[in-house]
Amino acid sequence: MSAGSREEETQNLLGQLQMKMIDIQTSLKKSTGQIEGLKREIQRSKLTDKEINTLPTETRMFSSVGRMFVLNTKAEVREQIEKKIKTCEDDIKKQESTKTYLEKQMRECETHFKERLGGGAAGGKKTRS
C-alpha cells in the first residue's frame, strides 16, 4: 500500500510539473511574440522617421490620436516617433528579462521532472528484479 501511494504521489507530482512546464512554454511563446512585434514596430517607426526626414522642415503633418488626426509640425511628429521607439526598446528589455526568467524556470522544471522520472524508473527496476 505504501509503494502504491508513493507511486500515486509521484504521478501527481509529475503531472503538476508537466502542467507548470506547459504554462511556462506558453508564456515563453507569448513573450517571444511580443518581442518580435515590438521589433517590427521599431523598424516601422524608423522607416517612417526616415521618410519624414526627407520632407521640408516647414511641412505640416497629421498624426493619429485615437480615432482622430491632429495637425503637427515635422519636429513634433519626429519627437513622437522617437518617444515611440524609446518606449518599444524599453519594453523589449523588460520582455527579454521576463523571457530569461521563464527560461530559467523551464530548465528547473525539466531538471525536477527528470529527477522524479529517473528516480521513479530506478525504483521500479529495483522492485521488479
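Below, each value reflects all heavy atoms present in this structure, side chains not excepted, and no hydrogens, waters or symmetry copies. Just so it is clear, the structure is predicted and the values come from calculations on it, not from any experiment.
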Novice: Once rounded to the nearest 0.5 Å, what's the spacing between atom CD of Q105 and atom OG of S27?
Specialist: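 It is 8.5 Å, given to the nearest 0.5 Å.
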Novice: Please find the pair of heavy atoms, one from L38 and one from C88, that lie closest to each other, and give the distance.
Specialist: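 Nearest pair, atom of L38 first, then C88: CD2-SG, 4.0 Å.
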Novice: Please say yes or no: joined through hydrophobic side-chain contacts below 4.5 Å, possibly via intermediate residues, are L17 and L102 part of one cluster?
Specialist: yes
Novice: Can you tell me how far the CD atom of Q18 sits from the CG atom of L13, to the nearest 0.5 Å?
Specialist: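 Here the rounded value is 11.5 Å.
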Novice: For residues I42 and I52: do they belong to one hydrophobic cluster (side chain heavy atoms under 4.5 Å, members Ile, Leu, Val, Met, Phe, Trp, Tyr)?
Specialist: yes
Novice: Counting only heavy atoms not in Q43, do more than 12 fall under 6.0 Å of its CD?
Specialist: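 12 or below, so no.
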Novice: Would you call K29 and T26 a side-chain contact if the rule is heavy atoms closer than 4.5 Å?
Specialist: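 Of all side-chain heavy-atom pairs linking T26 with K29, none is under 4.5 Å.
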Novice: Can you tell me how far apart OG1 (T10) and CD (E8) are? Round to the nearest 0.5 Å.
Specialist: 10.0 Å
Novice: Does one hydrophobic cluster hold both V65 and F69, with members joined at side-chain heavy-atom distances below 4.5 Å?
Specialist: no
Novice: From Q95 CD over to K30 NZ, what is the distance, rounded to the nearest 0.5 angstrom?
Specialist: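 Rounded to the nearest 0.5 Å, the CD-NZ separation comes to 8.0 Å.
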Novice: With a 4.5 Å limit on heavy-atom distance, are the side chains of K104 and R107 in contact?
Specialist: yes
Novice: Do I35 and I24 sit in one hydrophobic cluster, given that two such residues count as connected whenever their side-chain heavy atoms are within less than 4.5 Å of each other, even indirectly?
Specialist: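 No, it is not one cluster - the side chains of I35 and I24 are not joined through contacts under 4.5 Å.
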Novice: Salt bridge (Lys or Arg N to Asp or Glu O under 4.0 Å) for K86 and D90? Distances and angles first, verdict last.
Specialist: CA-CA 6 Å; K86 177 73 171 137; D90 291 343; 3.5 Å; yes
Novice: Could you walk me through whether K93 and E96 satisfy the salt bridge (Lys or Arg N to Asp or Glu O under 4.0 Å) test, starting with their C-alpha distance in whole Å, then the side-chain angles of each, then the deciding distance to 0.1 Å, before giving a yes or no?
Specialist: CA-CA 5 Å; K93 288 177 185 175; E96 285 177 344; over 6 Å; no
Novice: Going by heavy atoms in the side chains, are K74 and N53 under 4.5 Å from each other?
Specialist: yes
Novice: Between I81 and L55, is there shared hydrophobic-cluster membership here, with clusters defined by ILVMFWY side-chain heavy atoms closer than 4.5 Å?
Specialist: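 Shared cluster, yes.
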Novice: Walk me through it: do E79 and K83 pass the test salt bridge (Lys or Arg N to Asp or Glu O under 4.0 Å)?
Specialist: CA-CA 6 Å; E79 184 179 317; K83 284 181 184 178; 3.6 Å; yes
Novice: Less than 4.5 Å apart, side chain to side chain, heavy atoms only: is that true for T73 and R60?
Specialist: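 T73 vs R60: side chains touch.
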Novice: Distance from M61 atom CE to Q80 atom CD, nearest 0.5 Å?
Specialist: 11.0 Å
Novice: Taking atom CZ of R78 and atom OG of S45, what is their separation to the nearest 0.5 Å?
Specialist: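 The OG atom of S45 is 12.5 Å from CZ of R78, to the nearest 0.5 Å.
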Novice: At their closest point, which heavy atom of R44 faces which heavy atom of E41, and how far apart are they?
Specialist: NH1-OE1, 2.6 Å
